[in-house]
Amino acid sequence: MPQKPQMPRTPHQPVELSAIHVRWSPQQDAYLAWSDAHPGHTATNPCSSLAAIDELLDTITP
């Protein structure tokens, strides 16, 4: 049985989840996620609030 390829782990800066917000944006027709700690970063996803948060985390973690 073939093994799943291992994703290399990279160290991430800690992110406070309490500082992350997500809401539905009718103007963008998508979920909008933003962070109090990183005000210049936002992410949107039309299908999933969790995906919007995941995309936000990708933009704020090196």
Side-chain angles (χ1 to χ4, degrees):
M1 176 186 239
Q3 291 184 344
K4 291 173 66 175
Q6 294 293 319
M7 297 292 292
R9 290 191 166 229
T10 58
H12 293 288
Q13 294 177 350
V15 175
E16 290 185 39
L17 292 179
S18 62
I20 294 177
H21 310 277
V22 65
R23 69 173 177 86
W24 176 255
S25 172
Q27 296 85 6
Q28 295 179 324
D29 200 29
Y31 290 97
L32 173 66
W34 71 96
S35 169
D36 295 338
H38 302 275
H41 297 273
T42 60
T44 59
N45 187 286
C47 299
S48 167
S49 59
L50 185 56
I53 292 171
D54 192 39
E55 290 172 24
L56 177 67
L57 290 174
D58 286 344
T59 67
I60 62 177
T61 56

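The chain is numbered in sequence order, starting from 1.
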Ignoring hydrogens and angles, write down the donor-acceptor pairs under 3.5 Å from the side chains of residues 22-29, residues two or more places apart or on other chains.
{"from": "S25", "atom 1": "OG", "to": "Q27", "atom 2": "OE1", "distance (Å)": "3.3"}
{"from": "S25", "atom 1": "OG", "to": "Q28", "atom 2": "N", "distance (Å)": "3.3"}

Hey, any chance Y31 and L56 share a hydrophobic cluster, counting ILVMFWY side chains that come within less than 4.5 Å of each other, even indirectly? yes
Taking only distance into account, with no hydrogens and no angle test, what donor-acceptor pairs under 3.5 Å do side-chain atoms of residues 39-52 form with protein atoms, sequence neighbours excluded?
{"from": "N45", "atom 1": "OD1", "to": "C47", "atom 2": "N", "distance (Å)": "2.8"}
{"from": "N45", "atom 1": "OD1", "to": "S48", "atom 2": "N", "distance (Å)": "3.0"}
{"from": "N45", "atom 1": "ND2", "to": "E55", "atom 2": "OE2", "distance (Å)": "2.9"}
{"from": "S48", "atom 1": "OG", "to": "L50", "atom 2": "N", "distance (Å)": "3.2"}
{"from": "S48", "atom 1": "OG", "to": "A51", "atom 2": "N", "distance (Å)": "3.0"}

Once rounded to the nearest 0.5 Å, what's the spacing between atom CG of D58 and atom CD1 of I53?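 So the gap between those two atoms works out to 12.0 Å.
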